Amino acid sequence: MFTKSAFLVLAIALPLALLVVTGPRAAAQVPDTLVETLRAAVDEGDVDGLVALGEARIEVGLFGAARLYSKSQARRVLLRFFRDNPPIRLTIRESVATNRAWFASGDYHRLGGREPLRVFIRLRKGGDAWQLREFVVLEASGL
């Protein structure tokens, strides 16, 4: 039987695995500046900067099931997360892209000497713009 966390990991990992199997022929170019802006916002705990990269609704998951939030709701949830887990840096471990989506997993290093948290990020392209669609954080143990 799957726990909610295991199901969430499978829901994120399966699309990543399928994209890797289908190969780079469908890959889109996510601007490096966007990835750096996203990483800097997380590194600085800049919730306003992070939410500004998002769509009208952003899926946020913190240590459990993800929910779809309006930008203002996502802002409040992320403010609490960054306050409780002050960031040091976000390290992107792997990423894969299609022509309309970019998926990444990484490590969220936080103050306090604890192990990093696992982060899963999804950007989606709408028209000519890439926007944050999903930000999921899980404990690293057991992954």
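Everything quoted here is computed from the prediction, not taken from an experiment. Below, each value reflects all heavy atoms present in this structure, side chains not excepted, and no hydrogens, waters or symmetry copies.
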Point-to-point distance, once rounded to the nearest 0.5 Å, from [atom1] of [X] to [atom2] of [Y]:
| X | Y | atom1 | atom2 | result |
| --- | --- | --- | --- | --- |
| Phe63 | Leu138 | CZ | CG | 8.0 Å |
| Glu94 | Ser105 | CD | OG | 4.0 Å |
| Trp130 | Trp102 | CH2 | CH2 | 9.5 Å |
| Arg110 | Arg89 | CZ | CZ | 13.0 Å |
| Arg122 | Ser95 | CZ | OG | 15.0 Å |

What are the two closest heavy atoms between [X] and [Y], and how far apart are they?
| X | Y | value |
| --- | --- | --- |
| Phe135 | Val119 | CE1-CG1, 3.9 Å |
| Gly126 | Arg100 | CA-NH2, 4.5 Å |
| Ser70 | Arg57 | N-NH1, 4.0 Å |

| task | List in chain and number order the residues that pass side chain to side chain donor-acceptor pair (under 3.5 Å) with Glu44, two or more places apart in sequence or in another chain; answer none if no residue qualifies. | result | none
| request: List in chain and number order the residues that pass side chain to side chain donor-acceptor pair (under 3.5 Å) with Asp48, two or more places apart in sequence or in another chain; answer none if no residue qualifies. | output: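 Asp48: side chain to side chain donor-acceptor pair (under 3.5 Å) contacts with Arg75.
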| query | Mind checking what makes ring pair (Phe, Tyr, Trp, His ring centres under 6.0 Å) contact with Phe81, not counting sequence neighbours? | reply | Tyr108
| field | Working for side chain to side chain contact (heavy atoms under 4.5 Å, CB included), residues Arg67 and Val60 | value | CA-CA 6 Å; Arg67 286 189 49 201; Val60 178; over 6 Å; no
| request: Would you please test Glu134 and Ile121 for side chain to side chain contact (heavy atoms under 4.5 Å, CB included) and show each step? | output: CA-CA 5 Å; Glu134 186 172 3; Ile121 300 167; over 6 Å; no
| In chain order, what residues pass the side-chain contact (heavy atoms from CB on, under 4.5 Å) check against Arg124, with sequence neighbours excluded? | Glu55, Arg133
| query | Would you say Asp84 has more than 12 foreign heavy atoms packed within less than 6.0 Å of its CG? | reply | yes
| field | Residue list, salt bridge (charged side-chain N to carboxylate O under 4.0 Å, His left out) with Arg83, at least two apart or on another chain | value |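 Testing Arg83 for salt bridge (charged side-chain N to carboxylate O under 4.0 Å, His left out), a comparison that skips the adjacent residues, returns none.
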| field | Check against side chain to side chain contact (heavy atoms under 4.5 Å, CB included), Phe82 and Val47 | value | CA-CA 8 Å; Phe82 285 123; Val47 174; 3.3 Å; yes
| query | Would you say the side chain of Arg93 lies within less than 4.5 Å of the side chain of Asp107, judging by non-hydrogen atoms? | reply |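 The answer is yes, as the side chains (C-beta and beyond) meet within the 4.5 Å cut-off.
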| message | Please check this pair: side chain of Lys71 against backbone of Ile58, looking for a donor-acceptor N/O pair closer than 3.5 Å. | response |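 Pair absent, no side-chain N/O of Lys71 close to backbone of Ile58.
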| request: Report whether Leu53 and Leu79 are members of the same hydrophobic cluster (ILVMFWY, side-chain heavy atoms less than 4.5 Å apart, transitive linking). | output: yes
| message | side chain to side chain contact (heavy atoms under 4.5 Å, CB included), that's the test. Do Glu139 and Leu117 meet it? Break it down for me. | response | CA-CA 5 Å; Glu139 292 286 344; Leu117 300 170; 3.6 Å; yes
Using a 3.5 Å cut-off and no angle test, enumerate the donor-acceptor pairs between side-chain atoms of residues 33-43 and protein atoms at least two apart in sequence or in another chain.
from: Glu36; atom 1: OE2; to: Arg39; atom 2: NH2; distance (Å): 3.1
from: Thr37; atom 1: OG1; to: Thr33; atom 2: O; distance (Å): 2.8
from: Asp43; atom 1: OD1; to: Leu90; atom 2: N; distance (Å): 2.5

